[in-house]
Amino acid sequence: MSRECSQLLPRVCAALADPRQPGSDDTCLEKLLDWLRDLTELEPTLNVVQDNPCLTEFFTSVLALPEPSPSILSFTLRLAGLLAASEDCFQHLQQENLLFRLFGTGGTLNRAVWEDASVRSGWVEGVHSMMHHQPALHFLCNGGLDVIFTLQGDPSLFVASAASQLLVHMLTLSVESEPTTPLGEKDCDWPACAQMIIKHIEDSLQSGSASQINQSLKLLTSLFGSCRATWTEVLWLRIAKQVESFLTEDSVQTRHMLADLLLNMSRSPVFSDIEGSFWALVTSALEHLTPVQAGPLAVGILSLHKCPQDVRIQAMTVLLQPMDCILRAASQSLEYAGLLDESVSDPSTVESLLSSKSSCASLLCQTLAHLEKLLSLIHLPVDLPYTALLRSFVTILQFCSGLLIPATSLGSKISQILIGCGRVQKSALDALAALSERKGCDTVIGGLFDILLVYLESPNTSPTVLKKSFQAMSKWLARLPEMSCFNNQWQTEKILQDVFLVLQKRLCSPCWEVRDSSLEFLTSLIKSMRDQDEFRESLLSSEVPKLTENLLEDPESYVRASAVTAVGHLTFITYSLPETPVAGNQYNKEDTTAKLQDILSTDPESFPRRAVISIFTKWLKQGCTDQVEDTAQFVSRVIQTVERDLDWEVRIGGLELVEVFCVQTLCQAGLPKYPSAAASSAVTSSIQQNESLQIFCRAKLFRFLFWSLCDYDKPVGQKACDILLVLRASLSPSGLLKDCQGAGDLSAGHGIPWLQRTLRQGSLAQDFPTDGGNGVDFEDPESMMLALGTIDLEELHDELNKSSDHIEKSPQSLLEDILATVGTIDENEADCY
């Protein structure tokens, strides 16, 4: 601790313990606690306490207050627990009789302020912090455990959860830190503290009280989720019968907790290797829990790479049964076997839920979400019946749209419930999109694109459902070339024509969200299909490109930004094509560039301008600019527009454009981005360096880069400095750099010392010159080479990478800030920021 802090800390402690002072800000108290925690990691905690007696005096003062404020008492408890985490400091605080008064039954627990949840939370956190050694464990076991057991049922969910986590920590610490013989099911084999916690768990499970049972099940769920030690198996054997009985009892108040418990256990290697009773219990749970309760357990089991086959089949049944019922309710002939080859459970429960208005949508949404989660896994441990799933997803969408006329009474009920149900529509579309990613799904039923087109065309489709319909359509269209049923060119062209006809209508929608989603869909299609001839021909022969370009003038800024992105990606297609009557007349390349540059210069909203600079950077990477004009002129004009933009993301986008241009120019000249000293000294390399430097000067890059170093927004300065460091490494031979160190008297370098002083001012620099004032010519190669060699870019880099509040975050500043808050420091001494 610094001398200044050691002088300020006593005043801070006295101010915090003074009831006459206004309470300190909770954020400041958190920062003070963090600082003291960091301090105890750097030096022995006992030394900190002994060198700063004001800490123990603070505890005594707070305890002496008749009515301490809840926030100060909570802070006191957390601080005491933090210091007591060190065993020797724990003993020291014990000798001062502070810990019992703070955490024991005779102290804080009996005060009226205990009714405040923040105090109870501070008590639990303080106890948790100190729980790192046996003395603390024994201290709490002598009277404190009953308090924690009570707090498990605290009305504050945060306190209740923290108490449960504390018991898990104490049980683990007790078992793993106390030397004992190998644990058995008998009480005498367990350490004393562990015995007390386990007895509490057993008593709660047998209590018949739903709340107490749930508390213990939560504790066990947390324990088995965090601890993988073999002793957890011994504990489980003591309580397994009682837990299993909850599955067969009539009361369902505790069943929903069992799924999480069993899932955490199944992920533990202690239980995953057991072939007997545990997996039998999982199978029983999948059978006895309701479909809604069993769903999370089933999807978790199917995500495991190690699981008995019969359990996997049962889990699969839980997830697929609702989809199977949907297909049967729609009277679909199951041409493709495999959804449920044979039912291993009674479908009547699922049918009952699907025929009820209160449960149908919820069950389908949950099941579809679970299937989407499975389908999104990179490595799926199970083989799902992809084609049958696809049929079920399409059938659900048909139910929701009212297009399906079922032949069964169940189907009629489901149809009445699902028509127009947006929740189910969105879930089904998400699952449908995820299914497109599976390589095994190479057969597409005919109704897939038909139902998606229905959703895209229908005026009743909500904007959010439409957006998901676009996303699903985009992903399935990208799969067309690899699908065996769509190898006919005519079929592909027909689908694309239908899609673009719908898209033309949606681009003219009065709803801006619809126009925006339509543009995003078009961009997605271009990204995935621009290399396919059928796609390019269908797109360019439609009205979509013209309508898209018209939306560059949309009144909504989000739509303009999406239009910029779509137009920019259209360019990747049109630039690669020769001028044709179709493409050339309606989509002029030079006009497009001019329109985007006009948006960059004049659009009042930042989103379209950000989109333009992003597209220009993509163009440069793809080599689309050199067909319009000289690339250096293009970059120069863009950065002259960008450098005065008020939005920092646009300015940093301009720097990213410059970075791409620099790398491309250096590579074209045969210069590596990070050259070695040997390579830089070659004569050929020197000529190439000079040519590249002249190109950069003509493009006015250096003016923009040095200006950006003084930007008010630090990320802009950091990016500019990074680029300048790369340019210096690539353009400046090491020998020349040394020569530049003392070259201040050269005619080319008159303004360099001024430039260096200006850059050191950073964002405080006023009226940064861009016209060669002060002797700095940013377009002169010799001056810029001298600037690269003279200016200490490393120092600037270090300064720019310091956090903006590195001074204000200092402990001294924090202590002064607290004193200023409570009013015990003169106004001119406060560190206001």
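Hydrogens, waters and symmetry mates are skipped; everything else that's a heavy atom, side chains included, is used. Keep in mind it's a predicted model, so treat the numbers as computed, not measured. The first residue of the sequence shown is numbered 1, and numbering continues consecutively from there.
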Exercise. Less than 4.5 Å apart, any side-chain heavy atom of L364 and any of I326?
Worked result: yes
Legend entry - Heavy-atom check, side chain of L551 versus side chain of R560, under 4.5 Å: no
Check: Between F246 and L205, is a side-chain contact (heavy atoms from CB on, under 4.5 Å) present by the stated rule, with each step listed?
Finding: CA-CA 9 Å; F246 297 141; L205 292 176; 4.0 Å; yes
Heavy-atom closest pair (Q425 atom, L397 atom, distance to 0.1 Å) is O-CD2, 4.0 Å
- Should the heavy atoms of other residues, nucleotides or ligands under 6.0 Å from CD1 of I405 be counted, would the total exceed 12? no
Q.
Are Q215 and S164 packed together at the side-chain level, in the sense that at least one heavy-atom pair is separated by less than 4.5 angstrom?
A. no
One pair to check against side-chain contact (heavy atoms from CB on, under 4.5 Å): V282 and W279. What are the steps and the verdict? CA-CA 5 Å; V282 173; W279 289 112; 4.0 Å; yes
So CE of M529 and OG of S538: to nearest 0.5 Å the spacing works out to 8.5 Å
Report task. With the side chain counted from C-beta on, respond yes when F521 and R506 share a heavy-atom pair under 4.5 Å apart, and no when they do not. Result -> no
Indicate the ring-plane relationship of F271 and F278, choosing parallel, tilted or perpendicular according to the 30° and 60° boundaries.
tilted
TODO: Show the numbers, then the answer: is there a side-chain contact (heavy atoms from CB on, under 4.5 Å) between L480 and F449?
DONE: CA-CA 11 Å; L480 277 177; F449 290 108; 3.9 Å; yes
What I want to check is whether the side chains of D260 and T221 have a donor and an acceptor closer together than 3.5 Å.
no
Separation between CD (Q497) and OG (S542), nearest 0.5 Å, reads 10.0 Å
Going through the distances and angles, do K413 and S409 end up as a side-chain hydrogen bond (donor to acceptor under 3.5 Å, both in side chains)? CA-CA 6 Å; K413 292 179 181 178; S409 59; 5.8 Å; no
SB check E513 K467 (cutoff 4.0 Å) = no
side-chain contact (heavy atoms from CB on, under 4.5 Å) with L363: of S356, P291, C325, only one passes, and it is P291
To the nearest 0.5 Å, atom CG of L304 lies from atom CG of L263 at 7.0 Å
Smallest heavy-atom separation, A163 atom then Q152 atom, equals CB-N, 3.9 Å
Inset, instruction - Decide yes or no on side-chain hydrogen bond (donor to acceptor under 3.5 Å, both in side chains) for E244 and S284, but give the supporting numbers first. - result: CA-CA 9 Å; E244 188 174 359; S284 177; 5.3 Å; no
Discussion item. Does any part of the side chain of L432, heavy atoms only, come nearer than 4.5 Å to the side chain of L448, both counted from C-beta?
Written reply: yes
So CG of D383 and CZ of R438: to nearest 0.5 Å the spacing works out to 9.5 Å
Query raised in the report: Q416 versus K357: any side-chain heavy-atom pair under 4.5 Å?
Result: no
Between D324 and R328 (salt bridge meaning N to carboxylate O under 4.0 Å), is one present in this structure?
yes
**Request:** State whether K475 and E437 are salt-bridged, where the test is any N-O pair (Lys NZ or Arg NE/NH1/NH2 against Asp/Glu carboxylate O) under 4.0 Å.
**Result:** yes
(Q) Quiz question: by atom type and distance under 3.5 Å, do the side chains of K527 and T523 form a donor-acceptor pair? (A) no
Discussion item. Could you check, using the six-membered ring where one of them is a Trp, whether W512 and Y558 have ring centers closer than 6.0 angstrom?
Written reply: yes
One should read off an interatomic distance between S436 OG and R479 CZ, to the nearest 0.5 angstrom, of 6.5 Å
_Measuring only between side-chain heavy atoms, which start at C-beta, is L319 closer than 4.5 Å to L374?_
yes
### Query
Is there side-chain contact between S557 and F607, with at least one heavy-atom pair below 4.5 Å?
yes
So CG of L223 and CG of L261: to nearest 0.5 Å the spacing works out to 9.5 Å
Evaluate the side-chain contact (heavy atoms from CB on, under 4.5 Å) criterion for residues V564 and L596: first the C-alpha distance (whole Å), next the side-chain angles of each, then the deciding distance (0.1 Å), finally the verdict.
CA-CA 7 Å; V564 167; L596 295 188; 4.1 Å; yes
